Protein chains: 2
Amino acid sequence: MPNNQFKKGELYSFITGKASTAIARRLQKKFNTAGLNITIEQWSVLYHLWKQEGISQQDLCNATFRDKPSITRLVDNLEKLNLVKRVASENDRRINQIYLTKQAQKLQEEAMQLADETLNEALIGVPPERVDVCKEVLQIVYDNLK
Amino acid sequence: MPNNQFKKGELYSFITGKASTAIARRLQKKFNTAGLNITIEQWSVLYHLWKQEGISQQDLCNATFRDKPSITRLVDNLEKLNLVKRVASENDRRINQIYLTKQAQKLQEEAMQLADETLNEALIGVPPERVDVCKEVLQIVYDNLK
DNA sequence: TTTGAATAGTTGCACAAACAACTATATGCC
DNA sequence: GGCATATAGTTGTTTGTGCAACTATTCAAA
């Protein structure tokens, strides 16, 4: 009976993602305070577009681990905020390529700075090697279930 | 500059809670397949009521790390499903004490069995001591931010 | 004892997630 | 070429979340 030391009480907070919820709320508050008018979910999409523009909505689904309707609506809202533009692909007219506006490009530095800050606050008092273990465990969990 | 080894790419999945999302989806599928007509969020409320009945909505807020409106609506829906009942407290009429119906009591064993199963699947190949480290890190993160 | 603050819960609104059903375009096989 | 199938994206519905504003009840202090 493997991993049975993992008792129910702790199981619960694993499933509900208490820690990641706390991080997300902290980051959202930082965005609000700084006057960055975006949600964490919108940020998570922008994050991938900052790394590479012009990817498809399907690419964003894979990158953010969301389904297609979720991405459709996130892109809808980002378009309303004038942060991204849908551009129909020349080669394959089913595909929308998503591009950043200048406004979104300007956000990158501040948003990523606040994200870094949040992570640093979250990890105060945690030795680097323990963070690495945690990261690896979470990756295995993800791989086991995906 | 502490914890700077925690690079942005990994930060991202920490914040979005990729692992806990994957666990929650797997458990939800198990509920659906087994014909348990409840959501993960409803389960997380029932989980605390199975431990102790008759607690207040505010207690459920603290236990589940949710705000009051979220609990109001979760209890609304659980009441519609005939799984819980609100009972006004005798001592303090502001308080709703939440009690389980017989139907909800019957769900406990099966639901917790499926939750255990999910956790075991998630943690295949992860040595117990690494699970412990992960748990501790997530607890510190939570404490740092709450 | 009355009044002001704190606490418990509810409601409205905007945003997001999961699922199913749908449209449009592309691909592959006969 | 034409048809079945796969892929990309959209829309509708239900559920949940976070914030602000609200009601009702309790508590505490002048």
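These numbers were taken from a predicted model, which means no experiment stands behind them. So you know, we letter chains A, B, ... as the sequences are listed, proteins then strands, and number each from 1.
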Identify which one of A/Leu81, A/Leu36, A/Asn37 satisfies the side-chain contact (heavy atoms from CB on, under 4.5 Å) criterion when paired with A/Gln42.
A/Leu81

Has the side chain of B/Glu79 got a donor or acceptor atom that lies under 3.5 Å from a matching backbone atom of B/Arg86?
yes

Distance from A/Lys29 atom NZ to A/Thr118 atom OG1, nearest 0.5 Å?
11.5 Å

Quick check on D/dG16: is either OP1 or OP2 less than 4.0 Å from any side-chain nitrogen or oxygen of B/Arg66?
no

Nearest-Å distance, CD (A/Gln42) to P (D/dT17)?
19 Å

What residues in residues 24-39 of chain A put a non-hydrogen atom under 4.0 Å from any atom of DNA chain C?
A/Thr39

Rounded to whole Å, please give me the gap between NZ in B/Lys18 and P in C/dA17.
16 Å

Return a single string for nucleotides 3-12 of chain C, one symbol per nucleotide in 5' to 3' order, where B is base contact, S is sugar-phosphate-only contact and - is none, cutoff 4.0 angstrom on heavy atoms.
---BBBBBBB

For the backbone of B/Ala104 and the side chain of B/Trp50, can you confirm whether one donor and one acceptor N or O come within less than 3.5 Å of each other?
yes

Please report, rounded to the nearest Å, how far the C1' atom of D/dA8 is from the CG atom of A/Asn62.
12 Å

Which residue pairs pass the ring-ring contact (aromatic ring centres under 6.0 Å, His included) test when at least one of the two sits in residues 99-146 of chain A, sequence neighbours left out?
A/Phe65-A/Tyr142

How close or far is atom C1' of D/dT13 from atom CG of B/Asn77, stated in whole angstroms?
14 Å

Rounded to whole Å, the CG-C1' distance (B/Asp67 to C/dC13) equals 14 Å

When A/Arg93 and A/Glu41 are each assigned the nearest nucleotide of DNA chain C, the 5'-most assignment goes to A/Glu41

When the nearest nucleotide of DNA chain D is assigned to A/Val75 and to B/Lys80 on a heavy-atom basis, which residue is associated with the more 5' position?
A/Val75

Are B/Leu123 and A/Val133 connected in a single hydrophobic cluster, I mean Ile/Leu/Val/Met/Phe/Trp/Tyr linked by side-chain heavy atoms less than 4.5 Å apart?
yes

Using atom CD1 of A/Ile23 as one end and atom C1' of D/dG18 as the other, report the distance to the nearest whole Å.
18 Å

Could you list the protein-to-nucleotides 1-3 of chain D atom pairs, N/O on both sides, closer than 3.5 Å?
none

For residues 103-113 of chain B, which residue pairs qualify under side chain to side chain donor-acceptor pair (under 3.5 Å), counting only residues two or more places apart or in two chains?
B/Gln113-B/Glu117

Looking at B/Asp132 and B/Lys135, is there a salt bridge between them, counting it only when a charged N and a carboxylate O are closer than 4.0 Å?
yes

Results of salt bridge (Lys or Arg N to Asp or Glu O under 4.0 Å) for B/Asp143 - residues two or more places apart only:
B/Lys146

Taken to the nearest whole Å, CG/B/Leu81 to C1'/D/dT15 is 11 Å

Keeping A/Asn144 on the side-chain end and B/Ile124 on the backbone end, is there a donor-acceptor pair under 3.5 Å?
yes

Got a donor-acceptor contact below 3.5 angstrom from the B/Thr101 side chain to the B/Asn82 backbone?
yes

